[in-house]
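Reminder, nothing fancy here: chain letters follow the sequence lines and each chain counts from 1.
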Protein chains: 2
Amino acid sequence: MVVERLPLYLRAISNLTKQGREVISSQDLGAELHTTPAQIRKDLSYFGRFGKQGRGYHAGRLLEELRHILQLDRTWNVTLVGVGRLGKAIISYPGFAPQGFRIVAAFDADSRQVGQLVGGLTVQPMSELERAVREKDVSIAIVAVPATQAQAVIQDLVKLGIRAILNYAPVTPRVPDSVRVKAIDPVLTLQSITYYLRPDGASLAGEEEQDERTPV
Amino acid sequence: MVVERLPLYLRAISNLTKQGREVISSQDLGAELHTTPAQIRKDLSYFGRFGKQGRGYHAGRLLEELRHILQLDRTWNVTLVGVGRLGKAIISYPGFAPQGFRIVAAFDADSRQVGQLVGGLTVQPMSELERAVREKDVSIAIVAVPATQAQAVIQDLVKLGIRAILNYAPVTPRVPDSVRVKAIDPVLTLQSITYYLRPDGASLAGEEEQDERTPV
DNA sequence: CAGCGATTGTGACTGTGGTTACAATCCTCG
DNA sequence: CGAGGATTGTAACCACAGTCACAATCGCTG
C-alpha cells in the first residue's frame, strides 16, 4: 500500500523539480497529490529520514532516495507477449523508456504477426521466448494476449523465471507466491466505478437488512 | 475495497456458469480467484444473504444480485477524449460492449484527428463535447490525452456534469469529491512492482534505522 | 424421518493502515 | 545571537478490513 504510493510521490517531485523547486515540503506534495501532508510524512519516514525540520525535503535527494528504494536507479528489460492492437499500442507508448523500462522483445503466437516490425522491434514466435528471456536478462513481462491464452502464456513465463507480470488479460492467473502479478483491466475498473454512480449517492449495503441486523 | 472485488467475483461466476455450474460455493470462488472462502463470504454478506447453507450460491441469482449492486443491470454511455494511438486501441477494444459500456462519442483537440472514422465512430472536435454529453446521457468519460492537456480536459468534463473518469493520463487531476476518478497507468504499476524484485526478497524498510528504533 | 456432510453468515478477534498532535529541530531575520 | 515561524518524525490513538471459528441451516441418503 505504501509502496504503491511512492511512484506517485516520485512523479510529483519530478514535476515540482521541473518547475524549479529545490526544496519541497510534505505540504507541497500533499497539495500536488491531493492527500494529507501527514500521510506523506508517514510514508516517507517508513523508509528513512529524508527531510529537515523547518525546511522540508531536498527535491533531488528525495528523488534519488525514492528511486533507490523502488530499484528504479537501473534499467529494467521487459518483454511483451501478445502483439495485437493493444500490444502494438503498448510497444509504441513512449512513456516506458524515460522511466527505465525497455521493451526488448515482442512475441506472438499468431504466425501472421510474427516477422512484423512494430515500434522498432521484430515480432518473434513464442518458441524464441526462452532464448530472449535468458539472453537479455528479462525479469518483467507484459501480457497482452486474449483471455483464453493468458493462463498458458503466464505459466510459460513463470517457468522461464520471469518474476513480475503486468497482466492486461481479463483473467486472474495462478502463479507461485514468488511472482508478482499486477492486473490492468479497464472493464473491471469501470465495473466498480459504477457502484458509486447512484443519483443520490446513497449506499446500498444493508438496504433491506436494516431490521434484521438490529440486535435482539 | 469490497466494491473493487465484486467485479472479480462477477467474472469468476460468469466463467463457472459457462462451464455449466449452477451452484457455486465460496470455496469454488476462492479457488478460482486465489483468495479465501471466508473473504468472499464476508464480502457478499455485506450486501445481503444470497447463499444457502450446506449448498452454496445459485450462480444465476448471484450474478444478477451483483450486477444489480454494481448497477451493471443497465448500459452506460461512455465518451472518449483523446484519439491517439491509445485512444484508438480503447475504441477498438471489444471488451467494453459485452459488459454494458458503450463508447458513444470520441473527441480530439487535434484537427488532424477530427473527422477520422475510428471503430465506427467519427472523431469530433472538442467543441462538440458539451452537446454529446448532454444529448447522449453520458456520465462516464475515458481520458486518453497527453499529460499536459489532461487537467484542462478533466476540468471541462467535470463542468459538463461527468460523474466518473477513467484516466489514462499520467497526472493526478484535481476534481470535486462528487466525481470519481480511477487512474490506469502502466508505468506507475511497474514502478511499484520493481520494489519487490529484490534478489533475496529482503525488505528495505528500516535498513539503517534498526538501531535508532530500539526503544530507549 | 433422523443423521450426516457440506456450507453459509457472522460475532469476536487481530492486525494494519491512517490520522492527530506535538516535541524536536531547523532556518531566517532582525 | 536570540526569537519566531515552519516543518519534520513519531508516539498515541482510532477505524476499518481481513481472518478465524462456530452455530445455524440445508439437502441428501438410507
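Of the possible donor and acceptor atoms, one in the side chain of B/Arg163 sits under 3.5 Å from a partner among the backbone N and O of A/Arg198.
Interface residues of residues 14-33 of chain B facing DNA chain C, ordered by number: B/Ser25, B/Ser26; criterion, heavy-atom separation under 4.0 Å. Near-neighbour residues of DNA chain C inside residues 172-181 of chain B, defined by a heavy atom below 4.0 Å, are absent.
Under 4.0 angstrom from either OP1 or OP2 of C/dG18 there lies no side-chain N or O belonging to A/Arg41. One finds no side-chain N or O of A/Tyr46 lying less than 4.0 angstrom from the OP1 or OP2 phosphate oxygen of C/dG18.
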Find every protein N or O atom lying less than 3.5 Å from an N or O atom of nucleotides 17-19 of chain D, and list the pairs.
| residue | atom | partner | partner atom | Å |
| --- | --- | --- | --- | --- |
| D/dG18 | OP1 | B/Arg5 | NH1 | 2.8 |
| D/dG18 | OP1 | B/Arg5 | NH2 | 3.4 |
| D/dG18 | OP2 | B/Arg5 | NH2 | 2.8 |
| D/dT19 | OP2 | B/Gln39 | OE1 | 3.2 |
| D/dT19 | O4 | B/Lys42 | NZ | 2.8 |

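Residue pairs satisfying the side-chain hydrogen bond (donor to acceptor under 3.5 Å, both in side chains) criterion with at least one member in residues 69-96 of chain B, sequence neighbours excluded, are listed as follows: B/His68-B/Asp73, B/Asn77-B/Arg102, B/Lys88-B/Gln113. For residues 10-25 of chain B, the set of pairs meeting the side-chain hydrogen bond (donor to acceptor under 3.5 Å, both in side chains) definition, not counting sequence neighbours, comprises A/Thr172-B/Arg11, A/Asp185-B/Arg11, B/Arg21-B/Asp28, B/Ser25-B/Asp28.
For the pair B/Arg49 and B/Phe47, the cation-pi criterion (under 6.0 Å, within 45° of the ring axis) is not fulfilled. Under a cutoff of 6.0 Å and an axis angle of 45°, A/Arg55 and A/Tyr57 do not form a cation-pi pair.
Nucleotide D/dT8 holds its P atom 18 Å from the CZ atom of A/Phe47, rounded to whole Å. Rounded to an integer number of Å, the gap from CG of B/Leu62 to C1' of C/dT8 is 13 Å.
Annotation: side chain of A/Leu62 is in contact with side chain of A/Leu44 (closest heavy-atom distance under 4.5 Å).
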Sugar-phosphate atoms are those with a prime plus P, OP1 and OP2; base atoms are the rest. Using that split, label each nucleotide of nucleotides 23-30 of chain D B, S or - for protein heavy atoms under 4.0 Å, 5' to 3'. -BBBS---
